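Since the model is a prediction, treat every value here as computed from it, not as a measurement. Naming convention: chains lettered A, B, ... in sequence-line order (proteins, then strands); numbering from 1 in each chain. Just the heavy atoms: all of them, side chains too, but no hydrogens, waters or symmetry mates, feed the values below.
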Amino acid sequence: MISYTLPADWPTDEKAARAVQDELRTRVVVDEPGPPPGTGHVTGVDVAYDDERDIVAAAVVVLDAATLDVVEEATAVGTVAFSYVPGLLAFREIPTVLTALRRLTADPGLVVCDGYGVAHPRRFGLASHLGVLTGLATMGIAKNPFTFAYEAPAAPRGSASPLLDGTEEVGRALRTREGVKPVFVSAGHRVTLDNACAHALRLTPRYRLPESTRRADALCRSALREATG
DNA sequence: GCGACAG
DNA sequence: ATCTTGTCGC
């Protein structure tokens with residue numbers, strides 16, 4: 001069941017947020033392969049902030065998974081109700097992201113977030129949180145390894161190495177461009193890590209970062225400029 | 001206790 | 001995330 005509704009008891013402080021994480025983290029589904037790469041839709045999600053006025057702009061961009069052409073776009077502007085705390089990013093971004101998703105008429109398909117899924121201290125990063133709340137298949141692609149360890153993947157595009165929390169592989173450092181710093185992929189909800197990496201490669205025919213997040217990044221920035229000035 | 005720390 | 005010019009390269 002797909003729902004873009006923000007829970008009524010959305011937390012506003014760290015303690016409540018951690019309690020919410022502990023309750024929802026048990027609902028993450030990791031035994032579904034997820035949509036096959038190149039089929040259906042892939043939706044990029046990103047947000048931009050104006051720290052001066054506590055404003056946040058979210059953008060969702062639906063792409064045709066086969067051609068990477070834009071199918072539909074939507075934005076939303078809201079108030080930041082949670083400060084940045086590493087590990088609690090979801091509480092800062094999700095409210096406005098849900099509003100943007102609500103404005104979509106197309107099926108989002110697989111949602112690609114700018115950040116982590118289960119590669120998270122509590123195995124419940126932004127992508128997993130969004131997945132559990134909506135029921136959508138989600139994954140995360142981050143630009144930094146957060147607190148996790150990894151060995152540099154081989155130079156060729158497509159090379160990967162495990163992203164480790166101790167001895168547990170929580171994600172993968174994936175080389176999307178030859179000889180360029182890898183991106184950090186993790187499963188969010190209802191997708192496999194292997195499948196998430198396959199999607200990540202299909203989304204990066206030209207740049208290090210996936211087309212989905214590049215598109216969403218550009219859109220949320222312009223939405224923020226429009227809302228601010 | 002202190003520093004690090006996705007965006 | 002954000003503050004920020006010019007510049008090298010395809």
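Atom CG of A/Asp114 and atom P of C/dT2 are 10 Å apart (whole Å). Protein atom CZ of A/Phe82 is 16 Å distant from nucleotide atom C1' of C/dA1, rounded to whole Å.
With A/Thr39 contributing its side chain and A/Pro35 its backbone, the two residues share no donor-acceptor pair below 3.5 Å. Side-chain atoms of A/Arg102 come within 3.5 Å of backbone atoms of A/Tyr4 as a donor-acceptor pair (strictly under, hydrogens ignored). Side chain of A/Thr96 to main chain of A/Ala57: no donor-acceptor pair is present (N/O by atom type, distance under 3.5 Å, no hydrogens or angles). In terms of modelled atom types and a separation under 3.5 Å, the side chain of A/His129 and the main chain of A/Gly125 share no donor-acceptor contact.
A cation-pi contact links A/Arg214 to A/Tyr207, judged by a cut-off of 6.0 Å to the six-membered ring centre and 45° from its axis. In this structure, A/Arg18 forms no cation-pi arrangement with A/Phe91, as its terminal cationic atom is not both closer than 6.0 Å to the ring centre and no more than 45° off the ring axis.
The two atoms that bring A/Ile94 and A/Leu130 nearest to each other are CD1-N, 3.7 Å, heavy atoms only.
Between atom OG of residue A/Ser186 and atom CG of residue A/Leu174 there is a gap of 12.0 Å, rounded to the nearest 0.5 Å. The CD1 atom of A/Ile141 sits 10.0 Å away from the NE2 atom of A/His199 when rounded to the nearest 0.5 Å.
Not one side-chain nitrogen or oxygen of A/Arg92 sits closer than 4.0 Å to the OP1 or OP2 atom of C/dA1.
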Which nucleotides of DNA chain B pair, in dot-bracket form (Watson-Crick or G-U under 3.5 Å, | meaning another strand)
.......

Let's test your reading of the pairing rules: Watson-Crick or G-U wobble, both distances under 3.5 Å, then write DNA chain C as a dot-bracket string with ( ), [ ], | and dots.
..........

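Under the side chain to side chain contact (heavy atoms under 4.5 Å, CB included) rule, A/Glu72 has a single partner from A/Asp107, A/Thr43, A/Leu104, which is A/Leu104.
Close approach of DNA chain B to chain A, defined as any atom under 4.0 Å from a non-hydrogen atom of the protein, starts and stops at B/dC5 to B/dG7.
Between A/Arg215 and A/Asp46 no salt bridge is recorded (no basic side-chain N to carboxylate O distance below 4.0 Å). A salt bridge does not link A/Asp31 with A/Arg190: every distance from a Lys NZ or Arg NE/NH1/NH2 to an Asp or Glu carboxylate oxygen is 4.0 Å or more. Between A/Arg27 and A/Asp22 there is no salt bridge, since no side-chain nitrogen of the basic residue lies less than 4.0 Å from a carboxylate oxygen of the acidic one. Ion pair A/Glu178/A/Arg208 not flagged as a salt bridge, since none of the NZ, NE, NH1 or NH2 atoms sits closer than 4.0 Å to an Asp/Glu carboxylate oxygen.
Within the 4.0 angstrom heavy-atom criterion, base atoms lie near A/Leu88. Here A/Gly87 lies in heavy-atom contact (under 4.0 Å) with a base.
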So which protein N/O to nucleotides 8-10 of chain C N/O distances come out below 3.5 Å?
none

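Within residues 47-60 of chain A, the residues that have a heavy atom under 4.0 Å from DNA chain C are, in order of number, A/Ala48, A/Tyr49.
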Per-pair distances, 0.1 Å, donor-acceptor, side chain in residues 146-162 of chain A, under 3.5 Å, sequence neighbours excluded:
from	atom 1	to	atom 2	distance (Å)
A/Arg157	NH1	A/Thr176	O	3.1
A/Arg157	NH1	A/Thr204	O	2.8
A/Arg157	NH1	A/Thr204	OG1	3.0
A/Arg157	NH2	A/Leu201	O	2.8
A/Ser159	OG	A/Ala154	O	3.4
A/Ser159	OG	A/Pro156	O	2.8
A/Ser161	OG	A/Glu151	O	2.5

